[in-house]
Amino acid sequence: MLNDDFPLRVEAVPAAHTTEWRADDSFLPSETEAWQLIFVRSGTIEERCDDRHVLLRAGGLLFHQPGEVFAMTTVGEVPPETLRIDFYCTGAAMDRFRGAMLHAEPAEQHDLNWLANAANELFDAAPVPGGRPVVKEELPFGAMQQFIIHLENLLILLARRCRRLRRPVARVRRERRQNALVEDARAYFVENLERELKVDEVCEALGCTRPQLQQAFRARLRRTAMEEFSAMRIEYAAQLLARGASPGEVAAQMGYCSGAYFSQKFRAATGHTPSAYRRIRQGLPAKRQNRQQKDKAESKTSIAESPQKK
């Protein structure tokens, strides 16, 4: 029985696993049967929470409540690593985690790292991405109990923190609103990387004003919304080039007005032309010089080596 002495009691852990994902990995939406904790150890993911989409970077964690629809898509070039734990837990204290998105503090990091390392000792990976991991047939004595103890301790630490932040000051509330707006905008950007966007279109989609959007991005990311969108488009273009697409194909697919304009934007952002970046990522040798370039280079070399007249 739950009481004041044991306000959080984990009854069972049906699934848990630490997974290393590849860039552009994802899995289809699924409905949770129990509470689910998702923690990002490295990289960035986009997590679906019913009709809401949030970006989680390294150190971020959130809870899916029972019956919630969830899905995941990796974001960026860094392959993310995630810990996902399904657990049954009753008690009013769990209400504090509904819709909460947190960043792990040092005191909580110890239990999270222990759980991440222990999860794969208790469960085998799911047969399909996004599926439920399978508990191993033979477990060390008391292994599941140890896992539950560390999970309960983590939940207690997080519940204490959520209680401290129940009535945030005005500054914290403003920062939360700005963070939420930035995350929503970035999620909208991810869905529209292959075309140009206007600020007014973004504001209409998010239900905010232009000053609210720009103020949020400048406060949280130190850049404008469109600067962030341009950087995300360049990052996506780099992924396409690394996979073997030609600069012309990338420019056409992403809706740039011309290949020259795309090359100009890409070089300004990365220091490489799209063609050079593609060769570097594929391990190809540098582009051969044509005859005119060779003659010009040899001419410069001969002038530099000729002795100066006294």
Side-chain angles (χ1 to χ4, degrees), residues 1-21 25 27 30-43 45 47 49 56 58-68 70 72 79-164:
M1 294 293 292
L2 293 175
N3 51 44
D4 293 339
D5 295 329
F6 297 94
L8 279 174
R9 178 69 61 85
V10 174
E11 300 170 356
V13 178
H17 204 264
T18 301
T19 308
E20 294 182 358
W21 302 90
D25 265 350
F27 58 78
S30 180
E31 186 174 305
T32 59
E33 297 180 5
W35 283 94
Q36 185 180 97
L37 166 68
I38 170 68
F39 172 62
V40 181
R41 302 190 76 188
S42 62
I45 64 170
E47 188 78 4
C49 309
L56 280 180
L61 60 90
L62 60 77
F63 290 87
H64 294 293
Q65 57 189 337
E68 186 172 297
F70 72 99
M72 188 208 74
E81 181 181 6
T82 62
L83 166 66
R84 200 176 292 269
I85 304 174
D86 291 356
F87 62 97
Y88 290 98
C89 183
T90 56
M94 291 301 298
D95 290 338
R96 303 175 187 181
F97 302 134
R98 298 183 188 275
M101 187 170 64
L102 306 169
H103 193 278
E105 293 186 347
E108 302 148 2
Q109 195 73 48
H110 170 74
D111 285 302
L112 282 166
N113 288 335
W114 191 97
L115 292 167
N117 294 328
N120 294 359
E121 298 178 4
L122 302 181
F123 296 87
D124 289 323
V128 296
R132 172 173 290 188
V134 181
V135 64
K136 295 184 177 180
E137 293 183 0
E138 296 185 6
L139 299 178
F141 175 77
M144 187 62 74
Q145 184 177 355
Q146 278 188 309
F147 193 88
I148 288 177
I149 289 172
H150 279 274
L151 179 56
E152 286 179 339
N153 189 61
L154 172 65
L155 294 175
I156 290 171
L157 293 175
L158 292 172
R160 288 176 180 174
R161 182 146 65 97
C162 289
R163 188 172 185 177
R164 292 200 312 264

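Residue pairs that meet the ring-ring contact (aromatic ring centres under 6.0 Å, His included) test with at least one member in residues 98-121, sequence neighbours left out, are Trp114-His150. Sorted by first then second residue, the side-chain hydrogen bond (donor to acceptor under 3.5 Å, both in side chains) pairs that include residues 116-133, not counting sequence neighbours, are His17-Asn120, Glu33-Arg132.
Put simply, CG on Leu61 and CG on Leu56 are 8.0 Å apart, with the number rounded to the nearest 0.5 Å. Between Gln146 atom CD and Leu151 atom CG the span is 13.5 Å, to the nearest 0.5 Å. The line from SG of Cys89 to CG of Leu37 is 11.5 Å long, rounded to the nearest 0.5 Å.
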Query raised in the report: Stepwise, does the side chain to side chain contact (heavy atoms under 4.5 Å, CB included) test hold for His64 with Asp86?
Result: CA-CA 9 Å; His64 294 293; Asp86 291 356; over 6 Å; no

Report task. Decide side chain to side chain contact (heavy atoms under 4.5 Å, CB included) for Glu68 and Trp35; before the verdict, give the C-alpha distance in whole Å, the side-chain angles of both, and the deciding distance to 0.1 Å. Result -> CA-CA 9 Å; Glu68 186 172 297; Trp35 283 94; over 6 Å; no

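Listed for the Glu152 side chain is a donor-acceptor partner under 3.5 Å among the backbone atoms of Val10. Side-chain atoms of Glu108 come within 3.5 Å of backbone atoms of Glu105 as a donor-acceptor pair (strictly under, hydrogens ignored). A donor-acceptor pair under 3.5 Å is absent between the side-chain atoms of Arg41 and the main chain of Glu81, judged by distance alone. In this structure, the side chain of Thr18 does not engage the main chain of Leu83 through any donor-acceptor pair within 3.5 Å.
Residues that satisfy the salt bridge (Lys or Arg N to Asp or Glu O under 4.0 Å) test with Glu47, not counting sequence neighbours, are Arg84.
Tested against Phe63 for a ring pair (Phe, Tyr, Trp, His ring centres under 6.0 Å), the candidates Phe39, Phe70, Phe97 yield a single pass: Phe97.
Side-chain contact check for Ile148 versus Phe87: every heavy-atom pair is 4.5 Å or farther apart.
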